[in-house]
Amino acid sequence: MPSWIGAVILPLSGLLLSLPAGAEVKARSCGEVRQAYGAKGFSLADIPYQEIAGEHLRICPQEYTCCTTEMEDKLSQQSKLEFENLVEETSHFVRTTFVSRHKKFDEFFRELLENAEKSLNDMFVRTYGMLYMQNSEVFQDLFTELKRYYTGGNVNLEEMLNDFWARLLERMFQLINPQYHFSEDYLECVSKYTDQLKPFGDVPRKLKIQVTRAFIAARTFVQGLTVGREVANRVSKVSPTPGCIRALMKMLYCPYCRGLPTVRPCKNYCLNVMKGCLANQADLDTEWNLFIDAMLLVAERLEGPFNIESVMDPIDVKISEAIMNMQENSMQVSAKVFQGCGQPKPAPALRSARSAPENFNTRFRPYNPEERPTTAAGTSLDRLVTDIKEKLKLSKKVWSALPYTICKDESMTASAANEEECWNGHSKARYLPEIMNDGLTNQINNPEVDVDITRPDTFIRQQIMALRVMTNKLKNAYNGNDVNFQDTSDESSGSGSGSGCMDDVCPTEFEFVTTEAPAVDPDRREVDSSAAQPSRSLLSGSLVCIVLALQRLCR
């Protein structure tokens, strides 16, 4: 064969390869790709009108293609951005659940405390008048410490409540004994016997159990909502690995390069890509589910025996009841204190005008609960917790479900009826590889994503540890325990409504032992039995003394 014939045939053969038969001309046009590419907001300057040789492609199949190198780079970045947005949108429900419920619970709790403080102030001003106003800082400090505990302050609730009752005893003791002068050392001696004397009856013990358990549960629950919110926000912002980005580009935009912009990925193909890209997120699921279970347990406590609303709502009435107990037992309390701490010195230069005004009610007027203002208007703890529980249950297994949630979207993958007409990573055909299981270690044989199973994501591991720590706190709160508070009482005594306690856990009455009383005055003289008793005037009219104290304080 002449050499020129060969020279002609070779160019013709190349022309035949580059110019397909008439039936295939339309398939090799890049018109649809140009339209789809432009719709993404990209410039059409670099996109060819017809397919070109694809040796330059680094991710997509190196066959005839509509993609230039610039297009592949831009579409690769586009696939990364779309994946990040997909994960954020798919986890939107769980993120908004924790953000909105944390906000509602926090607002409710703060309003509850503010209303309880306002209710107590209004009630005590009406009931005790100037006596209360002269000593209101004792009660204000109580609520200040409760708020500080709730907001994360280092407050030991049990010690704080003990201090409140000791301070209240000191103030009350001075009011019921206005004819005596009490030094700071003497009052400190008085406060040391708060538990033994039980001047306020059983109210402090019951209230301490109820307040500590309810506040521990409420604070830990709102902290749990905070941790859930932070973990969800952090985990939803993914940083795909280079191997993941390659797999995303291959799945989402290599169909463009093959001239098939309308063909969507096969569902199982999508699942393998997402399971590889979100392997570390799936590993979060176990600890996340344990955290949600612990949140639900504490929520049940808040609905039942640790109900903060049922504790704070009547706290003013309970404290008033304790004060009335102190009033009724004032003679016995004074006698025992004088016996243990010594006879106090008379007050200097008592004024002669000591008669009670006729319009004074000699007994502290009990407050009518119906007069109390409503608490936390617009909602109740039960309704709020019920709503939160429903949302928490829906958020279980959310991280391992991400691939399924993303890949079931019809705009993302082809329908099950089009298993033969979907993109399988190479062409428009059925996807054959099996679906990988969840989690990092199961991606060792992932056919779509190159995953290094020996290097867990440090950021995700930090979130797992944060959830583990919070879960342990929730478990302690469920049992009524705090980091700085260990409640050893039986749970049946903390009903949240002052129902009392079981006989086997109620502490027995303490026998007041004089010899254990701390010395308050080095030259204190021994007192005989008559001196240890209150004066006859105090015995016959302890309530009148309160009025006299009021007059004295008001001057």
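Values below: every heavy atom of this structure, side chains too, minus hydrogens, waters and symmetry copies.
- Judged by distance alone, with hydrogens and angles left aside, the side-chain atoms of Thr413 form a donor-acceptor pair with the main-chain N or O of Cys407 at under 3.5 Å.
- Interatomic distance, CG of Asp316 versus CG of Asp122, reported as 9.5 Å (0.5 Å rounding).
- The backbone N or O of Tyr478 lies less than 3.5 Å from a partner atom in the side chain of Arg301, making a donor-acceptor pair.
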side-chain contact (heavy atoms from CB on, under 4.5 Å) evaluation trace for Met71 with Tyr253:
CA-CA 10 Å; Met71 285 178 64; Tyr253 287 112; over 6 Å; no

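- Between Asn135 and Tyr128, the side chains place no donor N or O within less than 3.5 Å of an acceptor N or O (distance only, hydrogens not considered).
- Aromatic ring centres of Phe291 and Trp399 lie farther apart than the 6.0 Å criterion allows.
- Across every non-hydrogen atom of Thr212 and Ile209, the tightest pair is OG1-O, 3.1 Å.
- In this structure, Arg219 is positioned above the aromatic face of Tyr149, its NZ or CZ under 6.0 Å from the six-membered ring centre and within 45° of the axis.
- Within the 4.5 Å cutoff, side-chain heavy atoms of Leu146 are placed close to those of Leu157.
- Within the cation-pi definition used here (under 6.0 Å to the ring centroid, within 45° of the axis), Arg213 does not qualify as a partner of Phe306.
- Using a 4.5 Å cut-off on side-chain heavy atoms (C-beta onward), Phe83 and Cys277 make contact.
- Under a 3.5 Å cut-off, the side chain of Asn479 and the backbone N or O of Lys475 do form a donor-acceptor pair.
- Using a 4.5 Å heavy-atom threshold, the side chains of Ser415 and Glu410 count as separate.
- The shortest non-hydrogen separation linking Glu170 to Ser191 is OE2-CB, 3.4 Å.
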Apply salt bridge (Lys or Arg N to Asp or Glu O under 4.0 Å) to residues Glu114 and Lys118 and explain how you reach the verdict.
CA-CA 6 Å; Glu114 289 172 4; Lys118 182 179 184 300; over 6 Å; no

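- Aromatic pair Phe109/Phe215: ring centres closer than 6.0 Å.
- With rounding to the nearest 0.5 Å, the separation of NZ in Lys147 from OG1 in Thr144 is 6.0 Å.
- Using modelled atom types, one side-chain atom of Asn446 and one backbone atom of Asn272 make a donor-acceptor pair closer than 3.5 Å.
- Checked by atom type and distance alone, the side chain of Glu145 never pairs as donor or acceptor with a backbone atom of Val155 at under 3.5 Å.
- At least one donor-acceptor pair under 3.5 Å links the side chain of Asn233 to the backbone N or O of Arg229.
- Under the 4.5 Å side-chain criterion, counting only non-hydrogen atoms from C-beta, Lys389 is in contact with Glu300.
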Run the numbers on Gln223 and Lys473 for side-chain contact (heavy atoms from CB on, under 4.5 Å), then give the verdict.
CA-CA 9 Å; Gln223 286 177 346; Lys473 290 189 70 175; 2.8 Å; yes

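- Taking CD1 from Ile464 and CD from Glu287, the interatomic distance works out to 7.0 Å, rounded to the nearest 0.5 Å.
- Ring pair Tyr132/Phe139 is tilted by interplanar angle, where 30° to 60° counts as tilted.
- With hydrogens and angles disregarded, a donor-acceptor distance shorter than 3.5 Å links the side chain of Lys275 to the backbone of Met436.
- Here the CG atom belonging to Leu467 is positioned 11.0 Å from the OG1 atom belonging to Thr286, to the nearest 0.5 angstrom.
- Of all heavy-atom pairs spanning Val138 and Leu168, the tightest one is CG1-N, 4.3 Å.
- Two residues are said to be in side-chain contact when any heavy atoms from C-beta on lie closer than 4.5 Å; Ser239 and Phe459 fail this criterion.
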Walk me through it: do Leu169 and Val190 pass the test side-chain contact (heavy atoms from CB on, under 4.5 Å)?
CA-CA 8 Å; Leu169 174 60; Val190 173; 3.8 Å; yes

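- Between Glu117 and Leu113 there is no side-chain heavy-atom pair separated by less than 4.5 Å.
- Scanning for side chain to side chain contact (heavy atoms under 4.5 Å, CB included) contacts around Glu137 gives Gln140, Arg167, Arg171, with sequence neighbours left out.
- Of the possible polar contacts, one joining the Gln443 side chain to the Asn437 backbone as a donor-acceptor pair under 3.5 Å is found.
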Might you work through the side chain to side chain donor-acceptor pair (under 3.5 Å) test for Glu303 and Thr386, ending with a clear yes or no?
CA-CA 8 Å; Glu303 289 178 315; Thr386 298; 3.2 Å; yes

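- Ion pairing of Arg110 with Asp106 is present here, as a side-chain N (NZ or NE/NH1/NH2) and a carboxylate O approach within less than 4.0 Å.
- Remark: the backbone N or O of Lys250 is paired with a side-chain donor or acceptor of Trp423 at under 3.5 angstrom.
- No side-chain heavy atom of Ile59 sits under 4.5 Å from any side-chain heavy atom of Leu75.
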Would Gln78 and Lys40 satisfy side chain to side chain donor-acceptor pair (under 3.5 Å), going step by step from the backbone distance to the final call?
CA-CA 9 Å; Gln78 181 69 16; Lys40 293 286 181 182; over 6 Å; no

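- Checked options Phe105, Trp288, Phe93; the residue passing with Phe98 is Trp288 (criterion: ring pair (Phe, Tyr, Trp, His ring centres under 6.0 Å)).
- Judged by distance alone, the side chains of Asp438 and Ser400 never bring a donor and an acceptor atom under 3.5 Å apart.
- For the atom pair CE (Met130) and OG (Ser136), the distance works out to 10.5 Å, reported to the nearest 0.5 Å.
- Taking 4.0 Å as the cut-off between side-chain N and carboxylate O, Lys104 and Glu107 do not count as a salt-bridged pair.
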side-chain contact (heavy atoms from CB on, under 4.5 Å) between Arg246 and Asp450, worked out:
CA-CA 9 Å; Arg246 288 179 61 86; Asp450 183 17; over 6 Å; no

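- Contact check for Asn307 versus Val385: no side-chain heavy atoms found under the 4.5 Å cut-off.
- To the nearest 0.5 Å, the span separating NZ on Lys80 from OG1 on Thr241 amounts to 11.0 Å.
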Criterion side chain to side chain donor-acceptor pair (under 3.5 Å) on Ser411 and Asp409, from CA distance to verdict:
CA-CA 5 Å; Ser411 65; Asp409 192 327; 2.8 Å; yes

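- Here the closest non-hydrogen pair linking Phe143 and Leu120 is CE1-CD1, 4.1 Å.
- Listed by chain and residue number, Glu88 satisfy the side chain to side chain contact (heavy atoms under 4.5 Å, CB included) test with Lys237 (two or more places apart in sequence, or in another chain).
- Open room surrounds NZ on Lys397; 12 or fewer heavy atoms of other groups in view lie less than 6.0 Å from it.
- The environment of CG in Asp73 is crowded: more than 12 heavy-atom neighbours from other residues, nucleotides or ligands sit within 6.0 Å.
- Glu309 places no side-chain N or O within donor-acceptor distance of the main-chain N or O of Ser380, the cut-off being under 3.5 Å.
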Checking Tyr404 against Lys267 for the side chain to side chain donor-acceptor pair (under 3.5 Å) test, could you report, in this order, the C-alpha distance in whole Å, the side-chain angles of both residues, the deciding distance, and whether it holds?
CA-CA 9 Å; Tyr404 299 92; Lys267 185 176 181 180; over 6 Å; no

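- Shortest non-hydrogen contact noted between Pro403 and Met274 is CB-CB, 3.6 Å.
- Taking every heavy atom of both residues into account, Val94 and Ser395 meet most closely at CG2-CB, 3.7 Å.
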